[in-house]
Amino acid sequence: MARALKTRVAILISGRGSNMVSLVEAAKAPDYPAEIVLVLSNRPDAGGLAHARAEGIPARAVDHKAFADRAGFDAALHAELEAAGIELVCLAGFMRIFTPGFVEAWAGRMLNIHPSLLPLFRGTHTHRQALDAGVRLHGCTVHYVVPELDAGPIVAQAAVPVRPGDDPDSLAARVIVQEHKLYPAALALVAGGQARLDGDRVLFAGDAAPADGALLSL
């Protein structure tokens, strides 16, 4: 019996790529439905590029500083993805805001992981935002990317308690442990056809109605 084809995935990073590492490790499993075939960074000095190369994954930099505007950079990025036959894009600490045209070109085919329980605390400094707001639960979210920042339909979430005495660093340290579990699980759902985008909702296989989240863990 022929082995089912795996979804061809590219990971975009800007730094060390710890979530990239978790995806690469998960994809080594024979029954994992996605294959990491390309890693791209907007920074030539991104530490994650060396790790990807050491794993035998093609890894290249598309330096955003070499382009006059966002549209030019996005066009170059799009060309790299198309040339590699990419079916699904995972953002893993990719610190660039895309043009609407790029997002539309990859609509329903691009995921991101964000360090908060969206729709709470969009943008940056999410752990400080959570502490300032006095919430008792914080966490991370995997969502589809849409033109509005950190606003796409939710695939999965994981939560951690906010403890007395927490600071942004201690809270971040617990959240990232969950990120490294959540992203591979969410990618498997999408690549394996168990979760799919339907308008502004995510549908899960076997569910009678649309749902927004899964994989909540404490």
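Please read these numbers as outputs of a predicted model, since none were measured by experiment.
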**Prompt:** Within a radius of less than 6.0 Å around CZ of Arg16, do more than 12 heavy atoms belonging to other residues, nucleotides or ligands occur?
**Reply:** no
**Request:** For Asp150 and Gly123, indicate whether the former's side chain and the latter's backbone hold a donor-acceptor pair under 3.5 Å.
**Result:** yes
**Same cluster (ILVMFWY, side-chain, under 4.5 Å), Val145 and Leu203** = no
**Asked** Can you find a pair of side-chain heavy atoms, one from Val146 and one from Pro153, that are under 4.5 Å apart?
**Response** yes
**Fill in**
Interatomic distance, CD1@Ile11 vs OH@Tyr183, rounded to 0.5 Å, equals 7.5 Å
**Joint cluster assignment, Leu187 & Val21, ILVMFWY side-chain distance < 4.5 Å** = yes
**Prompt:** To the nearest 0.5 Å, how far apart are CE in Met110 and CG in Leu81?
**Reply:** 9.0 Å
**Prompt:** Can you check whether Asn42 reaches Asp63 side chain to side chain, under 4.5 Å on heavy atoms?
**Reply:** no
**Complete:** When Leu23, Ile36, Ile113, Val142 are each screened for side chain to side chain contact (heavy atoms under 4.5 Å, CB included) with Cys90, the one that passes is Leu23
**Request:** Hey, could you give me each pair passing side-chain hydrogen bond (donor to acceptor under 3.5 Å, both in side chains) that has a residue in residues 73-92? Not counting sequence neighbours.
**Result:** Arg60-Glu80, Asp74-Thr99, His78-Trp106
**Prompt:** Would you say Arg128 and Pro168 make side-chain contact, with heavy atoms under 4.5 Å?
**Reply:** yes
**Request:** Give a yes or no answer on whether the side chain of Gln194 reaches the backbone of Ala186 with a donor-acceptor pair at less than 3.5 Å.
**Result:** no
**Request:** Starting from the C-alpha separation in whole Å, work towards a yes-or-no answer on side-chain contact (heavy atoms from CB on, under 4.5 Å) for Gln157 and Cys140.
**Result:** CA-CA 6 Å; Gln157 294 182 303; Cys140 51; over 6 Å; no
**Asked** Which heavy atom in Leu49 sits nearest to a heavy atom in Pro44, and how many Å separate them?
**Response** CD1-O, 3.8 Å
**Prompt:** So do the side chains of Val9 and Val89 get within less than 4.5 Å of each other, counting heavy atoms only?
**Reply:** no
**Message:** Do Val202 and Arg196 have side chains that approach each other closer than 4.5 Å (heavy atoms only, starting at C-beta)?
**Reply:** no
**Interatomic spacing from NE2 in His51 to OG in Ser18 - rounded to 0.5 Å** = 10.5 Å
**Item:** Val155 with Met20, same ILVMFWY side-chain cluster at under 4.5 Å
**Value:** yes
**Asked** What closest approach, in Å, do Phe67 and Ala76 show between heavy atoms, and which atom pair accounts for it?
**Response** CZ-CB, 3.5 Å
**Request:** Check step by step if side-chain contact (heavy atoms from CB on, under 4.5 Å) holds for Glu55 and Lys28.
**Result:** CA-CA 10 Å; Glu55 293 287 346; Lys28 291 178 180 179; 3.1 Å; yes
**Message:** Applying a strict under-4.5 Å side-chain criterion to I, L, V, M, F, W and Y, I'd like to know whether Val190 and Leu197 cluster together.
**Reply:** yes
**Item:** Non-hydrogen atoms of Ala27 and Tyr32 that approach each other most closely
**Value:** CA-CD2, 3.5 Å
**Asked** How long is the gap from NE2 on His138 to OG on Ser116, to the nearest 0.5 Å?
**Response** 6.5 Å
**Asked** Does Ser41 reach the main-chain N or O of Ala61 with its side chain, forming a donor-acceptor pair under 3.5 Å?
**Response** no
**Asked** Any side-chain donor paired with an acceptor under 3.5 Å for His114 and His143?
**Response** no
**For the student: nearest non-hydrogen atoms of Leu131 and Asp167, plus distance** = CD1-C, 3.5 Å
**Request:** Using a 4.5 Å cut-off on heavy atoms from C-beta on, say whether the side chain of Leu88 contacts that of Arg8.
**Result:** no
**Prompt:** Where do Ile13 and Ala46 come nearest, in terms of heavy atoms and distance?
**Reply:** CD1-CB, 4.4 Å
**Request:** For Pro184 and Ser22, work out which heavy atoms get closest and say how close.
**Result:** CG-O, 3.7 Å
**Request:** Find out whether Leu91 and Asn19 are in side-chain contact, i.e. whether some heavy atom of one side chain is under 4.5 Å from a heavy atom of the other.
**Result:** no
**Asked** Any sub-3.5 Å donor-acceptor pair from Arg163's side-chain atoms to Pro161's backbone N or O?
**Response** no
**Request:** Give a yes or no on whether the backbone of Gly139 and the side-chain of Glu179 come within a donor-acceptor separation of less than 3.5 Å.
**Result:** no
**Asked** Between the side chain of Asp198 and the main-chain N/O of Arg201, is any donor-acceptor distance below 3.5 Å?
**Response** no
**Request:** Measure the shortest side-chain to side-chain distance between Leu77 and Leu40 over non-hydrogen atoms and say whether it is less than 4.5 angstrom.
**Result:** yes
**Prompt:** Is the charged tip of Arg70 near the ring of Phe98: under 6.0 Å from the six-membered ring centre and within 45° of its axis?
**Reply:** no
**Message:** With a 4.5 Å cut-off on side-chain heavy-atom distances among I, L, V, M, F, W and Y, is there a chain of contacts connecting Val162 to Leu120?
**Reply:** yes
**Prompt:** Atom CG of Leu118 and atom OG1 of Thr141: how far apart are they, to the nearest 0.5 Å?
**Reply:** 4.0 Å
**Request:** State whether the side chain of Thr7 and the backbone N or O of Ala191 hold a donor-acceptor pair below 3.5 Å, judged by distance alone.
**Result:** yes
**Asked** What is the distance from atom CG of Leu189 to atom CG of Leu111, rounded to the nearest 0.5 Å?
**Response** 10.0 Å
**Item:** Steps toward side-chain contact (heavy atoms from CB on, under 4.5 Å) verdict (Gln129, Thr124)
**Value:** CA-CA 9 Å; Gln129 289 187 62; Thr124 59; 5.8 Å; no
**Message:** Using the rule given for side-chain contact (heavy atoms from CB on, under 4.5 Å), can you reason through Leu38 versus Ile57, listing the C-alpha separation, both sets of side-chain angles and the distance that settles it, and then say yes or no?
**Reply:** CA-CA 6 Å; Leu38 179 65; Ile57 300 169; 5.6 Å; no
